[in-house]
Amino acid sequence: MRLVTWNVNSLRARLPRVLEFLAEHAPDVLCLQETKTDPSAFPHDELAAAGYVAADHSGGRWAGVAVVARSELGVSDATSGLPGEPVEDEARWVEATVGGTLRVASVYVPNGRELASEWYAQKLDFFDAMAKRVGQLRDDADGTPLPLVVAGDMNVAPADLDVYDPAAFLDVTHTSEPERAALRAVVDAGLLDAYRVLHPDEVGYTWWDYRQGHFHRGLGMRIDLTLVSPELAQRLTRVGIERDYRKGSKPSDHVPLVAEWA
DNA sequence: ATGCCGTCGCACCGACGA
């Protein structure tokens, strides 16, 4: 199984790069964030022509998430919205079952803006709701663990290793301790950070600011994560960051994160 | 203290992003 998460920063603007990626990497599942599209404009036809189906939660000009899967696998039992999320209808969470057994959630965690803001408080609340949801999804009614993936833009760099200059990121969003603790609570509800499972000490960024040549200067952060249930974590064979997709024509400011398991 | 860059829309600026 090859599963990818990618914040595309507008699916309309990025569709050529997305189709290029599907052709080059042939993922089984692609979790998208910041699709920034109206539901009626979601490119179901273009994806179908490439051999994919999608469960999308599209909210118009902001946010928007989707779970895309190879047509043979299919998506079923899709649900939009995170139970208990602080602001409803922001299109930040969508779940679907892929291939009949794998539950996949694509998530776009709120930015948080400033530490002393209502948006920051809502970001922490969103993580709380995520942790509760993971607790609901991780086992079946008999307590048997289920295969589960929560992938997306967490808008938090989990550790100083995931930030180009930790000293420049004191007491700001994406690195503050309450955010990191809130993200850890999601993981502690029953998941593992797939990239860190296979690359415990490696620096690997998934986002670089468009401005001031940050990409070419190596100034990035690892804020896109694929969180997997323990049994899937044991089967991981490769977790890689496709940083070349930050180059070329009209790139997103995020790159795809690929996870594979046997 | 602000813009840098990119995207969107009741659009030629402002909001938002991280």
Side-chain angles (χ1 to χ4, degrees), chain A residues 5-18 31-43 56-66 85-87 89-93 106-127 130 151-180 182-183 195 203-225 241 243 245-257:
Chain A
T5 184
W6 191 8
N7 179 324
V8 291
N9 184 19
S10 169
L11 185 51
R12 181 165 70 174
R14 218 64 61 212
L15 190 59
R17 301 302 301 266
V18 171
C31 296
L32 297 173
Q33 301 87 37
E34 283 207 86
T35 52
K36 292 187 173 178
T37 184
D38 195 73
S40 62
F42 191 91
D56 75 301
H57 184 20
S58 300
R61 69 183 296 192
W62 304 121
V65 287
E85 63 187 341
V87 183
D89 303 323
E90 281 196 326
R92 296 183 178 278
W93 178 276
S106 177
V107 60
Y108 174 49
V109 173
N111 173 292
R113 305 192 198 183
E114 308 289 333
L115 294 196
S117 72
E118 61 184 295
W119 296 281
Y120 181 78
Q122 289 166 1
K123 182 179 190 175
L124 298 181
D125 291 344
F126 191 94
F127 277 121
M130 277 179 65
D153 179 356
M154 306 298 166
N155 266 324
V156 172
D160 283 351
L161 184 63
D162 302 310
V163 185
Y164 66 89
D165 183 2
F169 282 86
L170 295 174
D171 297 324
V172 295
T173 57
H174 298 70
T175 56
S176 75
E177 184 48 36
E179 289 166 80
R180 286 177 166 172
L183 174 60
Y195 183 78
V203 173
Y205 302 140
T206 63
W207 170 87
W208 298 260
D209 200 310
Y210 281 121
R211 294 167 285 189
Q212 296 184 319
H214 274 204
F215 176 66
H216 299 286
R217 294 160 61 197
L219 309 180
M221 291 201 284
R222 189 175 73 95
I223 56 177
D224 301 273
L225 306 184
I241 296 168
R243 69 185 299 283
Y245 275 79
R246 188 62 177 75
K247 307 174 185 173
S249 174
K250 287 176 74 74
S252 173
D253 45 355
H254 299 249
V255 291
L257 172 67

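Numbered from 1 within each chain, the chains take letters A, B, ... in sequence-line order. Note: hydrogens, waters and symmetry copies are ignored here, and every other heavy atom, side chains too, is used. Since we're looking at a predicted model, the values are computed, not measured.
Within 4.0 Å of A:N155, counting heavy atoms only, lie sugar-phosphate atoms of the nucleic acid but no base atom. The residue A:T173 sits apart from the nucleic acid: no heavy atom pair falls under 4.0 Å.
Remark: P of B:dC4 and CG of A:D209 are 12 Å apart, rounded to the nearest angstrom. Rounded to whole angstrom, the span from the CG atom of A:D253 across to the C1' atom of B:dA18 amounts to 8 Å. One interatomic measurement links the two molecules: CD of A:Q212 to P of B:dA18, which rounds to 17 Å at whole-angstrom precision. For A:W208 and B:dG6, the CH2 to C1' distance is 17 Å, given to the nearest whole Å. Per the geometry, CG belonging to A:L15 stands 15 Å off C1' belonging to B:dT7, to the nearest Å. Atom-to-atom, CZ of A:F215 to P of B:dG6 comes out at 14 Å; the value is rounded to the nearest Å. In this structure, A:N7 atom CG and B:dA18 atom P are separated by 6 Å, rounded to whole Å. One can place CH2 of A:W62 at 16 Å from P of B:dG6, the figure rounded to the nearest angstrom.
Residue order along DNA chain B, read from the 5' end via each residue's closest nucleotide, puts A:G213 first among A:R12 and A:G213. Nearest-nucleotide positions on DNA chain B for A:G60 and A:D153 put A:G60 closer to the 5' end.
Contact check, A:R61 against B:dA15: no side-chain N or O comes under 4.0 Å of OP1 or OP2. Between A:K36 and B:dG6, a side-chain N or O to OP1/OP2 separation shorter than 4.0 Å is absent. Within the 4.0 Å cut-off from OP1 or OP2 of B:dA18, at least one side-chain nitrogen or oxygen of A:Y108 is found. In terms of phosphate contacts, A:R113 brings no side-chain nitrogen or oxygen within less than 4.0 Å of OP1 or OP2 of B:dA18. Within the structure, every side-chain polar atom (N or O) of A:N9 is placed at least 4.0 Å from both OP1 and OP2 of B:dA18. Within the structure, every side-chain polar atom (N or O) of A:R14 is placed at least 4.0 Å from both OP1 and OP2 of B:dG6. Remark: A:H254 is in phosphate contact with B:dA18, judged by side-chain N or O atoms under 4.0 Å from OP1 or OP2. A close approach under 4.0 Å does not occur between any side-chain nitrogen or oxygen of A:S252 and OP1 or OP2 of B:dG6.
Rounded to whole Å, the separation between the C1' atoms of B:dT7 and B:dC12 comes to 15 Å. The same atom, P, is picked in B:dG14 and in B:dG3; the two are 10 Å apart, to the nearest Å. Atom name P, nucleotides B:dC4 and B:dC13: the rounded distance is 14 Å, in whole Å. Nucleotides B:dA15 and B:dA11 have their C1' atoms positioned 12 Å apart, rounded to a whole Å. When the C1' atom is used for both B:dC8 and B:dT2, the distance is 23 Å, rounded to whole Å.
Looking only at atom types and distance, the side chain of A:T206 has no donor-acceptor partner in the side chain of A:Y195 under 3.5 Å away.
A perpendicular orientation is assigned to the rings of A:Y164 and A:H214, their planes being inclined by more than 60° (bins at 30° and 60°).
One donor-acceptor pair, N or O on each side, does fall under 3.5 Å between the base of B:dA18 and the side chain of A:N111.
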Passes side-chain contact (heavy atoms from CB on, under 4.5 Å), A:N9 versus A:R14? Steps please.
-> CA-CA 7 Å; A:N9 184 19; A:R14 218 64 61 212; 3.8 Å; yes
Checking side-chain contact (heavy atoms from CB on, under 4.5 Å) for the pair A:Y108/A:E34: CA distance, chi angles, key distance, verdict?
-> CA-CA 7 Å; A:Y108 174 49; A:E34 283 207 86; 3.3 Å; yes
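Taking the six-membered ring for Trp and the full ring otherwise, A:F215 and A:Y205 have centroids separated by 6.0 Å or more.
No more than 12 heavy-atom neighbours from other residues, nucleotides or ligands sit within 6.0 angstrom of CG on A:D171.
Between A:D209 and A:R217 no salt bridge is recorded (no basic side-chain N to carboxylate O distance below 4.0 Å).
Relative to the side chain of A:Y210, the nucleotides B:dC8, B:dA18, B:dC5 differ in distance, and B:dC5 lies closest.
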